[in-house]
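Report on one structure; see the data block that follows.
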Amino acid sequence: MPGELSPIDKAKFVAAKCAADMVEDGMRVGLGTGSTAAWLVRHLGDRVRDEGFRIKGVPTSARTAHLAKQVGIDVITLDDAGTLNITIDGADEFDSDLNLIKGGGGALLREKIVAAASEEVVIIADAAKEVGTLGAFPLPVEVIPFGWTTTQMLIEELLVSADVMGRRITLRMNAGKPFVTDQGNHILDLHLTRIGNARQLAMALNQMPGVVENGLFLDLCDKVIIGYSDGRVETRDINEGTVSQHRIDVEETENLFSDI
Ligand code: 5RP
């Protein structure tokens, strides 16, 4: 493991390594977006290089597509793939039912489409992402640019009667301008603090004109792999109701990313 990594990056690194080892030769794999998913893509690239194994990757963002190509993964579109054997992605929050908030990296729309097309969805995360109740992380909502202020007003009205603790909404910015997603949309971040009824909120948001998708990923995740900075990983399987723990051999991975 690269010695210069921060404890949080070490945790992401080992979670990603564990998930990369679950991928089998010939699989069609959904590749998530974000710093944890980037470790996954590098680990998979390493397996392609060293083990000669072949996978087809469907990236959830232009950023991930770029990295995947760089590390030698065959990149195909979701339309080419049809369905996926597995998707591995990060998350901003997960709860005990493995429901998630995603979209901190702005890729929630493609991430949700790719997850829905997958036989298995595995989330990789450091332990800080686990919460009792979703909502401390601002909920990203992708909206079309046309009339986004009106969409924001409609969401504000919706939140008045929603089971949430906070109601502030901010437009996500990037270098002084509204952030633009890979689909050409904007993101409203909903600072809700606590979401009492995630299912109801997700449905109500997606019925609103102007809303493309929201960052609540409900009943989509099959497993979460939680990484710790000392090399421990814990895998929770919601379908089997199992929890398993093991340790990634840190020495074994020591020189993997000396070129990064
Ligand atoms: C991107 C996402 C990411 O998975 C999420 O933001 C977690 O990112 P990171 O692994 O960098 O903590 O949903 O849209």
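This one's a predicted model, so the numbers in the text were calculated from it and none came from an experiment. Note that the numbering runs from 1 along the sequence shown for the chain.
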Would you mind checking if Glu234 and Arg236 are paired as a salt bridge, meaning a charged N to carboxylate O distance below 4.0 Å?
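Between Glu234 and Arg236 there is a salt bridge, with a charged N closer than 4.0 Å to a carboxylate O.
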Residues Asp21, Lys17: salt bridge by 4.0 Å N-O rule
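Salt bridge flag = yes for Lys17 with Asp21.
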Looking at every non-hydrogen atom in both residues, tell me the closest pair between [X] and [Y] and how far apart they are.
X	Y	result
Ser61	Asp182	CA-OD2, 3.1 Å
Ile225	Met22	CD1-SD, 3.6 Å
Thr36	Ala16	O-CB, 3.9 Å
Val233	Val14	CG1-O, 3.6 Å
Glu93	Gly135	OE1-N, 2.8 Å
Asp126	Phe94	O-CE2, 4.4 Å

Are [X] and [Y] close enough that some pair of their side-chain heavy atoms sits under 4.5 Å apart?
X	Y	answer
Trp39	Asp9	yes
Thr193	Val164	no
Pro138	Thr170	no
Leu218	Asp97	no

With a 6.0 Å cut-off (strictly less than), is the heavy-atom count around [atom1] of [X], excluding the residue itself, greater than 12?
X	atom1	answer
Met173	CE	yes
His246	NE2	yes
Gln200	CD	no

Rounded distance [0.5 Å steps], [atom1] in [X] versus [atom2] in [Y]:
X	Y	atom1	atom2	result
Leu44	Arg49	CG	CZ	12.0 Å
Trp148	Ile187	CH2	CD1	13.0 Å
Phe13	Arg42	CZ	CZ	10.0 Å
Leu171	Leu188	CG	CG	6.0 Å
Thr133	Asn197	OG1	CG	11.5 Å
Asp92	Ile101	CG	CD1	7.5 Å

Donor-acceptor list for residues 107-118 side chains, cut-off 3.5 Å, not counting sequence neighbours:
from   : atom 1 : to     : atom 2 : distance (Å)
Arg110 : NE     : Gln183 : OE1    : 2.4
Arg110 : NH2    : Gln183 : OE1    : 2.8
Glu111 : OE1    : Lys102 : NZ     : 3.2
Glu111 : OE2    : Lys102 : NZ     : 3.4
Lys112 : NZ     : Glu213 : OE2    : 2.9
Lys112 : NZ     : Asn214 : O      : 3.0
Lys112 : NZ     : Leu216 : O      : 2.8
Ser118 : OG     : Thr87  : OG1    : 2.5
Ser118 : OG     : Val114 : O      : 2.8

Worked check of side-chain contact (heavy atoms from CB on, under 4.5 Å) between Lys223 and Glu120:
CA-CA 8 Å; Lys223 286 181 188 153; Glu120 184 172 34; 2.9 Å; yes
Donor-acceptor pair, Arg63 side chain versus Gly105 backbone, under 3.5 Å?
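Side chain of Arg63 to backbone of Gly105: a pair is present.
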Distance-only polar pair, side chains of Asn239 and Asp222, donor-acceptor under 3.5 Å:
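Yes, Asp222 and Asn239 have a side-chain donor paired with an acceptor closer than 3.5 Å.
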So, using side-chain hydrogen bond (donor to acceptor under 3.5 Å, both in side chains) as the criterion, who are the partners of Thr60 when residues are at least two apart?
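In terms of side-chain hydrogen bond (donor to acceptor under 3.5 Å, both in side chains), with neighbours along the sequence ignored, Thr60 is linked to Thr33.
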Could you tell me which residues satisfy side-chain hydrogen bond (donor to acceptor under 3.5 Å, both in side chains) with Glu142, sequence neighbours excluded, listed by chain and number?
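Checked Glu142 against side-chain hydrogen bond (donor to acceptor under 3.5 Å, both in side chains); matches are Thr181, Asn185.
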Give every donor-acceptor pair under 3.5 Å between a side-chain atom in residues 151-160 and any protein atom, sequence neighbours left out.
from   : atom 1 : to     : atom 2 : distance (Å)
Thr151 : OG1    : Gly147 : O      : 3.3
Gln152 : NE2    : Glu156 : OE2    : 3.2

Do [X] and [Y] sit in the same hydrophobic cluster, where Ile, Leu, Val, Met, Phe, Trp and Tyr count as joined when their side-chain heavy atoms come under 4.5 Å apart?
X	Y	value
Leu40	Leu220	no
Leu78	Val212	yes
Met208	Met203	no
Val131	Ile195	yes
Leu192	Leu100	no

Ala68: which residues meet the side-chain contact (heavy atoms from CB on, under 4.5 Å) condition with it, sequence neighbours left out?
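Expected list: Leu31, Val41, Ile73, Val75.
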Against Lys12, only a single residue in Ser6, Ser229, Ser35 fulfils side chain to side chain donor-acceptor pair (under 3.5 Å); can you say which?
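Only match with Lys12 under side chain to side chain donor-acceptor pair (under 3.5 Å): Ser35.
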Working for side-chain contact (heavy atoms from CB on, under 4.5 Å), residues Val71 and Val48:
CA-CA 8 Å; Val71 300; Val48 167; over 6 Å; no
Below 3.5 Å, can you tabulate the donor-acceptor pairs from side chains in residues 23-30 to any protein atom, sequence neighbours excluded?
from  : atom 1 : to    : atom 2 : distance (Å)
Asp25 : OD1    : Arg54 : N      : 2.7
Arg28 : NE     : Thr83 : O      : 2.7
Arg28 : NH2    : Thr83 : O      : 3.2
Arg28 : NH2    : Thr83 : OG1    : 3.2

If you apply the rule side-chain contact (heavy atoms from CB on, under 4.5 Å), what do you find for Ile123 with Asp89, and how did you get there?
CA-CA 5 Å; Ile123 291 298; Asp89 201 348; 4.1 Å; yes
Should Leu139 and Leu201 be marked as a side-chain contact (heavy atoms from CB on, under 4.5 Å) after you check the CA-CA gap, both sets of side-chain angles, and the distance that decides it?
CA-CA 11 Å; Leu139 176 66; Leu201 180 64; 4.0 Å; yes
